[in-house]
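Along the sequence shown, residues carry numbers from 1.
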Amino acid sequence: MGRVINGRVGRENDFVMHVIEDDLLHPNPAAEKRKHKLKRLVPTPNSFFMDVKCPGCFNITTVFSHAQSVVLCGNCNQVLCQPTGGKARLMEGCSFRKKVE
């Protein structure tokens, strides 16, 4: 005897159709952002360049979001960001904005 599928007894090799619950044409932007960079519908990197304003002299410096070395201000040599394992940590008082392409 076979197994019960949708209220009827079927054989083991019966085809069962599953419904996809996500809309592939219009994905949820929040859900797409949480996915791994290669698993997204359109693969995009997690990193970006940003303009960081020095709190001391208000000089603007371009910094990579995943910088692997300490970034100093060009004018006053104040530390703007510290590297971590992933994204760079901005120092207190620094403000930033993402650069647009």
Side-chain angles (χ1 to χ4, degrees):
M1 181 164 183
R3 55 186 178 169
V4 176
I5 301 173
N6 293 335
R8 67 179 182 87
V9 177
R11 294 186 302 267
E12 292 295 323
N13 58 0
D14 278 350
F15 178 73
V16 178
M17 185 180 215
H18 295 283
V19 178
I20 299 175
E21 295 179 10
D22 295 332
D23 185 6
L24 295 178
L25 289 177
H26 308 287
N28 183 3
E32 282 290 306
K33 189 68 177 164
R34 284 192 307 267
K35 288 184 182 178
H36 187 269
K37 63 183 178 180
L38 297 177
K39 302 281 184 181
R40 295 183 186 135
L41 192 59
V42 177
T44 56
N46 293 330
S47 57
F48 53 92
F49 287 94
M50 55 187 172
D51 286 332
V52 179
K53 186 186 290 186
C54 177
C57 64
F58 302 111
N59 187 32
I60 295 178
T61 306
T62 301
V63 178
F64 186 58
S65 64
H66 291 66
Q68 296 181 346
S69 60
V70 175
V71 178
L72 301 174
C73 177
N75 288 344
C76 62
N77 287 335
Q78 185 173 355
V79 176
L80 297 178
C81 69
Q82 291 277 354
T84 62
K87 288 189 177 180
R89 179 178 295 125
L90 290 177
M91 301 311 290
E92 199 168 316
C94 291
S95 58
F96 78 98
R97 69 173 178 202
K98 283 187 181 183
K99 284 199 123 175
V100 292
E101 295 179 29

Which pair of heavy atoms, one from [X] and one from [Y], lies closest together, and at what distance?
X   : Y   : answer
N75 : C57 : CB-SG, 3.9 Å
R40 : N46 : NH2-OD1, 2.6 Å
L80 : C94 : O-SG, 3.7 Å
Q78 : P55 : NE2-CG, 3.7 Å

Please, which pairs that meet ring-ring contact (aromatic ring centres under 6.0 Å, His included) have at least one residue in residues 29-57, sequence neighbours excluded? F49-F64
Just how far is it from atom [atom1] of [X] to atom [atom2] of [Y], taken to the nearest 0.5 Å?
X   : Y   : atom1 : atom2 : answer
K53 : T61 : NZ    : OG1   : 11.5 Å
E32 : T44 : CD    : OG1   : 8.5 Å
C76 : F58 : SG    : CZ    : 10.5 Å

With a 4.5 Å cut-off on side-chain heavy atoms, are C81 and V70 touching? no
Who passes side-chain contact (heavy atoms from CB on, under 4.5 Å) against R97, sequence neighbours left out? D51
With M91, the side chain to side chain contact (heavy atoms under 4.5 Å, CB included) member among V71, V79, V52: V79
Going by salt bridge (Lys or Arg N to Asp or Glu O under 4.0 Å), name the pairs with one or both residues in residues 77-91, residues two or more places apart or in two chains. none
